[in-house]
Protein chains: 2
Amino acid sequence: MRLTPALIASATLALGDREGEKAMSMRRIAAELGCDPMAVYRHFPNRQALLDAVADLVAEEVPVPDGREPWDRRIETLLSGMRSAALRHPGIAGHIASRPPLGPAGRRLAGAMTAALAEAGLRPADVVRAFQALIAYSAAGLRMAVDAGSEDARRQEVSDALEGMLDGPLPIVGSEGQFAYGLYLLLNGIRLEAATARQGR
Amino acid sequence: MRLTPALIASATLALGDREGEKAMSMRRIAAELGCDPMAVYRHFPNRQALLDAVADLVAEEVPVPDGREPWDRRIETLLSGMRSAALRHPGIAGHIASRPPLGPAGRRLAGAMTAALAEAGLRPADVVRAFQALIAYSAAGLRMAVDAGSEDARRQEVSDALEGMLDGPLPIVGSEGQFAYGLYLLLNGIRLEAATARQGR
DNA sequence: ACCTGAACACCGTTCAAGT
DNA sequence: ACCTGAACACCGTTCAAGT
């Protein structure tokens with residue numbers, strides 16, 4: 001069977017889904033494909049480049065929202081779409097959190113997002129800054145979700161650290177609801193900013 | 001020289017400052033201390049626990065803001081203090097971004113932060129959610145700063161991906177200004193939320 | 001009982017040697 | 001010219017053997 005970048009990437013994704021992040025080593029990937037570890041290096045310069053390709057494969061699964069929806073609804077759809085796609089592929093989710101996909105699929109999503117922000121009424125320079133703030137926040141939320149799933153001890157530690165300062169139980173770290181709340185704060189901030197920009201026009 | 005957890009942690013921090021993240025391996029740390037690699041395991045159960053202790057050492061450097069300052073100013077001081085302390089120690093900054101410090105120093109900062117949020121007028125449940133959103137955002141900003149410093153190629157890639165969608169140059173990914181903008185959006189969101197909570201009271 | 005270091009089970013990547 | 005796999009320079013951690 002002839003190797004191609006696409007074939008290597010999808011085999012790596014499947015391996016990660018099945019056996020987790022640590023299973024996606026060059027040696028294990030090669031074994032999965034039944035080839036020499038070095039054969040992979042003929043298609044990708046290094047492991048990171050391969051994982052970037054796998055991440056973009058996941059970005060392909062994210063639906064681009066209908067352009068007739070309001071801009072804030074579209075941003076919510078895009079970001080929670082990326083988040084749930086990543087969580088469907090736990091092996092690569094950690095990599096996605098560190099390096100949001102920038103291949104063809106990633107750029108398609110970035111385009112939809114910046115379009116929505118421009119439509120919100122932000123100045124071009126602020127579109128980029130708000131874009132990066134939203135990506136940064138989503139990446140962090142994804143990382144917390146990944147860590148929370150794999151490290152119960154950490155969740156306990158966070159809980160212990162905060163419990164003393166507050167009454168009531170700690171909401172689950174990295175949960176969907178927690179993610180939505182921060183996104184809501186950011187979108188509120190953007191709305192306020194856009195209103196100010198519109199007035200100054 | 002007798003080994004102690006504090007001595008190991010500060011030697012590890014110094015090593016990371018001098019030679020970067022990858023130099024902080026159990027073997028290199030032991031060499032730095034002139035002891036057997038296994039000696040470290042008598043004071044820390046594993047490498048992650050040691051790095052957590054190093055991270056808390058950095059949190060000790062962050063000044064706690066004056067309680068008479070307004071709540072939003074205090075949050076800015078705390079988060080940018082943590083950010084610049086981490087960036088002064090590039091070896092451990094990546095670890096801090098993944099696992100915000102929760103040792104004694106980390107808890108002190110968390111306490112100051114939740115107090116500021118409570119004073120802003122958020123409901124207790126929202127204090128925790130806003131706290132986590134702010135931490136998540138700051139961690140992501142720190143990660144972007146660390147990556148931007150070490151990976152010019154990635155910055156170029158992000159720039160290429162966005163340049164096509166916008167006119168004008170891309171603001172530096174992970175820069176102080178970029179970080180401040182997202183924080184500003186979040187604080188605006190919190191102000192709006194607090195105002196709503198206050199009205200419902 | 002405490003401590004050591006050899007050994008286990010891996011890594012990503014280079015590079016010389018084969019075809 | 002293309003491909004392979006041995007080898008390099010590492011890892012974190014376990015555990016048997018020594019004192």
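In what follows, chains are A, B, ... by sequence order, proteins preceding strands, each numbered from 1.
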Is the backbone of A:R129 close enough, under 3.5 Å, to the side chain of B:Q178 for a donor and an acceptor to pair up by distance? yes
Report yes or no: does B:R47 contribute a side-chain atom to a donor-acceptor pair with the main-chain N or O of B:M24 at less than 3.5 Å? yes
Side chains of B:Y184 and A:E193: any donor to acceptor distance under 3.5 Å? yes
Can you tell me which stems involve DNA chain C, if a stem is defined as three or more consecutive Watson-Crick or G-U wobble pairs, both distances under 3.5 Å? C:4-8 with D:12-16, C:12-16 with D:4-8
Residue pair B:Y41 / B:M26, side-chain heavy-atom distance below 4.5 Å: yes
Tell me whether A:D56 contacts the main-chain N or O of A:P101 through its side chain, where contact means a donor paired with an acceptor under 3.5 Å. no
Let me confirm one number: the OG1-CG distance from A:T12 to A:L50, rounded to the nearest 0.5 Å. 4.5 Å
Is A:R27 touching bases, backbone alone, or none of the nucleic acid, heavy atoms closer than 4.0 Å? base
First and last nt of DNA chain D near chain A, cut-off under 4.0 Å to heavy atoms, 5' to 3', are D:dC3 to D:dA7
Run the side-chain contact (heavy atoms from CB on, under 4.5 Å) test against A:P5 and tell me which residues pass, sequence neighbours left out. A:H43, A:F44
Okay, side chain of A:R74, backbone of A:L117: is any donor-acceptor separation there less than 3.5 Å? no
In whole Å, measure the gap between the C1' atoms of D:dA7 and C:dC11 for me. 14 Å
Hey, which sits more toward the 5' end of DNA chain C by its nearest nucleotide, A:M38 or B:D36? B:D36
